[in-house]
Novice: 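Questions regarding the structure given below will be posed in turn.
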Amino acid sequence: MRLIRLGEAFVRSAAYERRFLAKNPWDFSMVVWIPFLTVLLIWWIFSQIQITDLPIGVIDNDRGPVANTAVRYLEANPNLTVKQLYHSPAAAESAILQRDIYAVMIIPEDFSRNISSSKPAPIVLQVNAQYGTHSGIIQTSVQSVIGTLSAGVEIQRLVKQGMAPSQAAINYSPVGIQRISLFNAATDYQQFLASTVIPALLHILAMVIGATTIGRELRDKRIGRWYDFIDTGHPDLAQIEENKAAVLGDGNVQSNDNKPPIPIKDVKSRQVSTLVLLSGLLGKYFWPTLAYSIWSILALWLAAPQQVVAISSLIATYFGLVLLMMLSFWLGAIFTLTSFSLRMGLSATGFISAPSYAFAGVTFPYIAISDSAKHWSDALPLTHYLKLHIAQLQMQAPVAISLPIVYGLTIATLITMYLTALLSKRALAHPERWGAR
């Protein structure tokens, strides 16, 4: 009988939430359309998987043959494009400020003559370092171009002195380096950024849904009616009707003489069952969980790299992402129920979820952040999921390495689920605090 009662509470709560979503387009969009469009938009933004043709400028004060060769080499580099030759530093600075270019290379006077005379011939590269990714790519590419040009000039000088070309190349660079990219060898930004940004944005949306789904019941003073419905199926409105007034959808009663609405006072005494409440909460979050499970499939389908990924890795990653979404729902609900305020709950979810990607160790190395930031990073669920995501989909690590993360997310989800039920029970016991915005 107890299982039947719990099942009925789940079904009634799911039906209650389905009717609400059907009548409220904005809440329905938060569950269905906004996450769907978010996934597609992020993937479209990173549809060009590599950064190419970053615009730079050149100030050529030499106009000699070696300087012209340097400009041609820059233009031939796939990561760069010489947008314009500038004749003054002021014009180049204006172009950088307007973001027409991201760097300017200055070739000094007598550059070719100094090279011919075996004198130092420095080239100045001024980079807008405010854009870290652009700056890094430009500096690496220009260094490669100038290194190639310098090697060619030195080898030609040694050959003119009578040395064999092969020996000249060895003498110029006796120690070489062989670089091997272990993961993401193609520098695919869809794999590097898009596949991790999507779970982060879904995490933010899920926490917002978690806060609003239970928060609106508190805000509209309907949480008592909701519990009565899932418990009995027939909410008793006799206790909150006053002067035979009609109950309005905003949680107030309208008097018959056109006076302002009278707030509903729910003074009904309830014997709240934690298990019934937990079943009702599972039903209330059933539709968001179902929808975000589907968006998780879409996100992983897009994030799976071209090489073959083991089914076990995909399954572990999928379960991890679904657990992250469920954990996000319950965390959002906890923040709202703790403060008895939807506004405070949404503020807390934004404070925690919005910057969580910055602490996850994807764009900034985890090992380089401060100890206090590491403690904060370790407390965020997104950090642990992204470790699982990167290990399984990008590094193709054994599943056993990431199983502790799956177990941890499972335990955290169960704990927050039960804590949400306890906080909801506390909220039902304090009707005087309902209605806070």
Side-chain angles (χ1 to χ4, degrees), residues 37-59 70-86 92-107 123-149 177-201 299-307 309 355 357-369 386 389-391 393-396:
L37 294 177
T38 297
V39 172
L40 296 183
L41 177 62
I42 295 300
W43 206 251
W44 174 76
I45 289 175
F46 292 93
S47 57
Q48 184 174 343
I49 63 176
Q50 292 182 333
I51 297 178
T52 60
D53 296 331
L54 289 174
I56 67 171
V58 174
I59 299 178
V71 174
R72 290 199 306 271
Y73 282 10
L74 288 174
E75 187 64 41
N77 190 287
N79 298 329
L80 305 174
T81 181
V82 179
K83 186 172 183 178
Q84 187 175 342
L85 294 176
Y86 296 94
E93 180 181 358
S94 176
I96 290 178
L97 293 176
Q98 296 176 8
R99 290 191 299 180
D100 293 333
I101 59 176
Y102 292 99
V104 58
M105 191 178 77
I106 303 174
I107 302 176
I123 287 181
V124 179
L125 176 65
Q126 297 179 348
V127 183
N128 185 358
Q130 181 180 3
Y131 301 94
T133 303
H134 302 62
S135 172
I137 293 176
I138 290 174
Q139 292 183 61
T140 302
S141 301
V142 171
Q143 185 177 9
S144 175
V145 167
I146 299 305
T148 302
L149 178 65
I177 182 172
Q178 182 180 8
R179 296 185 297 177
I180 300 175
S181 299
L182 296 178
F183 313 110
N184 195 19
T187 62
D188 185 339
Y189 275 82
Q190 273 189 337
Q191 184 180 353
F192 168 55
L193 281 179
S195 67
T196 53
V197 168
I198 290 175
L201 293 178
L300 293 184
W301 179 72
L302 293 173
Q306 298 299 323
Q307 60 266 28
V309 178
Y357 187 78
F359 292 89
V362 176
T363 56
F364 192 87
Y366 174 84
I367 196 173
I369 62 178
L386 290 181
H389 180 101
I390 293 173
L393 297 188
Q394 298 185 16
M395 301 174 67
Q396 298 186 7

Novice: Looking only at side chains, do Q394 and T196 share a donor and an acceptor under 3.5 Å apart?
Specialist: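 No, no side-chain donor-acceptor pair sits under 3.5 Å.
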Novice: Where do Y86 and A95 come nearest, in terms of heavy atoms and distance?
Specialist: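 Heavy-atom minimum between the residues: OH-CB, 3.3 Å.
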Novice: Could you tell me whether the side chain of S135 and the main chain of G132 form a donor-acceptor pair under 3.5 Å?
Specialist: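 Such a contact is absent between S135 side chain and G132 backbone.
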Novice: Going by heavy atoms in the side chains, are L54 and N79 under 4.5 Å from each other?
Specialist: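 Side-chain contact under 4.5 Å: no.
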Novice: Could you walk me through whether I56 and K83 pass the side-chain contact (heavy atoms from CB on, under 4.5 Å) check?
Specialist: CA-CA 6 Å; I56 67 171; K83 186 172 183 178; over 6 Å; no
Novice: I59 vs V124, test: side-chain contact (heavy atoms from CB on, under 4.5 Å). Steps then yes/no.
Specialist: CA-CA 10 Å; I59 299 178; V124 179; over 6 Å; no
Novice: Starting from the C-alpha separation in whole Å, work towards a yes-or-no answer on side-chain contact (heavy atoms from CB on, under 4.5 Å) for L74 and V142.
Specialist: CA-CA 7 Å; L74 288 174; V142 171; 4.1 Å; yes
Novice: Tell me which one of I51, L80, T52 satisfies side-chain contact (heavy atoms from CB on, under 4.5 Å) with I137.
Specialist: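 The single option meeting the side-chain contact (heavy atoms from CB on, under 4.5 Å) with I137 is I51.
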Novice: After noting the C-alpha distance and the side-chain angles of Y357 and T363, does the key distance pass the side chain to side chain donor-acceptor pair (under 3.5 Å) rule?
Specialist: CA-CA 9 Å; Y357 187 78; T363 56; 5.8 Å; no
Novice: As an exercise, state the distance from CD1 of I138 to CG of N128, rounded to the nearest 0.5 Å.
Specialist: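 Separation between the atoms: 8.5 Å.
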Novice: Tell me the closest heavy-atom pair linking A70 and L149, and the distance in Å.
Specialist: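 Scanning both residues, the minimum pair turns out to be CB-CD2, 3.5 Å.
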Novice: Under the rule for ring pair (Phe, Tyr, Trp, His ring centres under 6.0 Å), what residues qualify as partners of Y131, not counting sequence neighbours?
Specialist: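 Result, ring pair (Phe, Tyr, Trp, His ring centres under 6.0 Å) vs Y131: Y102, H134.
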Novice: Going by heavy atoms in the side chains, are Q84 and D100 under 4.5 Å from each other?
Specialist: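 They are not in side-chain contact.
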Novice: So with a 6.0 Å cut-off around CD of E75, is the heavy-atom count from everything else above 12?
Specialist: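 Yes, because the 6.0 Å sphere around CD of E75 holds more than 12 heavy atoms from other groups.
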Novice: Tell me if a side-chain donor or acceptor on T148 pairs with a main-chain N or O of S144 at a distance below 3.5 Å.
Specialist: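 Side chain of T148 to backbone of S144, a donor-acceptor pair under 3.5 Å: yes, one is there.
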Novice: Please report the closest heavy-atom contact between L125 and A103, naming both atoms and the distance.
Specialist: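 For L125 versus A103, the nearest heavy atoms are CD1-CB, 4.2 Å.
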Novice: Would you say CD1 of I367 has more than 12 non-hydrogen atoms from neighbouring residues, nucleotides or ligands within 6.0 angstrom?
Specialist: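 Atom CD1 in I367 is not crowded, with 12 or fewer foreign heavy atoms closer than 6.0 Å.
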Novice: Above 12 or not: heavy atoms from other molecules or residues under 6.0 Å from OH of Y73?
Specialist: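 No.
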Novice: Measure the shortest side-chain to side-chain distance between V71 and I107 over non-hydrogen atoms and say whether it is less than 4.5 angstrom.
Specialist: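 Side chain of V71 against side chain of I107, heavy atoms only: contact under 4.5 Å found.
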